[in-house]
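As the structure is a computational prediction, the values presented were derived from the model and not from experiment. The sequence lines fix the lettering, A, B, ..., with proteins before strands; numbering per chain opens at 1.
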Protein chains: 2
Amino acid sequence: MASSAREAAIPALAEVFREHGYTGASLALLGARTGLGKGSLYHAFPGGKAEMAQTVLDAIGAWFEAEIYAPLRDDPDPRAAIARMFAAVDAYFQSGRRVCLVGAFALSDGRDLFAARIAAYFAAWRDALAEALSRAGRNDAVTLAEDTVLAIQGGLVLTRALDDPAVFARLLMRLEHRLNG
Amino acid sequence: MASSAREAAIPALAEVFREHGYTGASLALLGARTGLGKGSLYHAFPGGKAEMAQTVLDAIGAWFEAEIYAPLRDDPDPRAAIARMFAAVDAYFQSGRRVCLVGAFALSDGRDLFAARIAAYFAAWRDALAEALSRAGRNDAVTLAEDTVLAIQGGLVLTRALDDPAVFARLLMRLEHRLNG
DNA sequence: CGCACTCTGTACCGATCGGTACAGCGCCCG
DNA sequence: CGGGCGCTGTACCGATCGGTACAGAGTGCG
């Protein structure tokens, strides 16, 4: 199938963008990590590096939407959805060893190119979490949601800076306690 | 004086690294922003781009040490030092419009090159704040300090991502209230 | 004045950048 | 079996990368 090579390449592309940023992710690196030559890469992504990055951002957004945001909004048990969010976040970011690509893009390169997607990712997260908190009876739902999303990003920065995954683990415990008691 | 051109260039260099990251900050950009040709740049920084980045990181570290960490540790009134920290942070980061270079470096490029400096910057901040909180009588000083430093970094990420300085302003108010009542 | 020394613009280096062109391989379908 | 097409490796493009070499301008001092 035409799109299967494309789909298969996405996780590898994501990893390279995560580790090197947009400008730092060279076609040589992208090709090496995916195992695809330049020809294949441009056949699958005619738009070049920009299309690869967009596709990766969309895939990440879709994953979070399905695994985290949708349950937060729709699960009849909001507290269960929040617990699920923390478990998914811990697994996804490998307890802080893995960086958030969207957050990294927001800070430096490719910010202008992908600003809309970046903003949408965080806004959706904050709003879905606020929805769950609201249904759980919190009246400070929006503030608490913003604070939580922001703390997770900060936790990733500090964990990476200090090279100490315990920072992220402690943070998630604190946050979950604050949200779910 | 020999070092005056060097010193004068540092803020401009810092701004370029902040906006483009380490690999994204080309010598062309660095030269344009500082107003120095390649010859002058390499005369002032014989070690090239790496020395420029190190110098910038050191200058930032020194500024935070003098303006924020030292008062946190030494001011006889720890609550005043904490208030001063929030005012300095708000001014330095221009209410979130400006990104933290150290945090940006921690997330992506140049991380390995400058890991020690990056870790020292955050560890010093966390420890100085914990010292102040401890002297102010908080028994959860270390946790609270870690949480605060991390939240500021996350606030910068989210503010940039959503392009909304109000996020950072709200965060600082919340944090100061949590620390100083 | 003239020497010496600091500084700086410019030309140049090999390497690598993102991207394009294209020839040929292999697979599928008629 | 054979023709066509999806796919891919490779050579190549101009631009730019970080870095070096160096000649000459500017400057201060004996």
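In this structure, H43(B) reaches the dC7(C) phosphate: one of its side-chain N or O atoms is under 4.0 Å from OP1 or OP2. Look at S40(B) and you won't find any side-chain N or O under 4.0 angstrom from OP1 or OP2 of dC7(C).
Of the listed nucleotides (dG19(C), dT10(C), dC17(D)), dC17(D) has the atom at the smallest distance from the side chain of S26(B). The side chain of A28(B) has dC17(D) as its nearest neighbour among dG19(C), dC17(D), dG19(D). Counting only heavy atoms from C-beta on, Y42(A) has its side chain closest to dT20(C) among dG9(D), dT20(C), dC17(D).
Residue H20(B) contributes atom NE2, which lies 19 Å from atom P of dC17(C) at whole-angstrom precision. Note: CG (L41(A)) to C1' (dT10(D)) measures 15 Å, nearest angstrom. To the nearest angstrom, C1' of dT20(D) lies 18 Å from CZ of F45(B). Between K38(A) atom NZ and dA21(C) atom P there is a gap of 14 Å when expressed in whole angstrom units. Between the CG atom of L30(B) and the P atom of dG19(D) there is a distance of 10 Å, rounded to whole Å.
At distances below 3.5 Å, at least one donor-acceptor pair connects side-chain atoms of R97(B) with backbone N or O atoms of Q94(B). Under the 3.5 Å distance criterion, the side-chain polar atoms of R6(A) are left unmatched by any main-chain donor or acceptor of F45(A). Side-chain atoms of S134(B) never come within 3.5 Å of backbone atoms of A130(B) as a donor-acceptor pair (strictly under, hydrogens ignored).
Salt-bridge annotation for R178(A) and D147(A): present, with a side-chain N of the basic residue lying under 4.0 Å from a carboxylate O of the acidic one.
Within 4.0 Å (heavy atoms only), A25(B) reaches sugar-phosphate atoms of the nucleic acid but no base atom.
Of the two residues near DNA chain C, G39(A) and L27(A), the one whose nearest nucleotide lies more 5' is L27(A).
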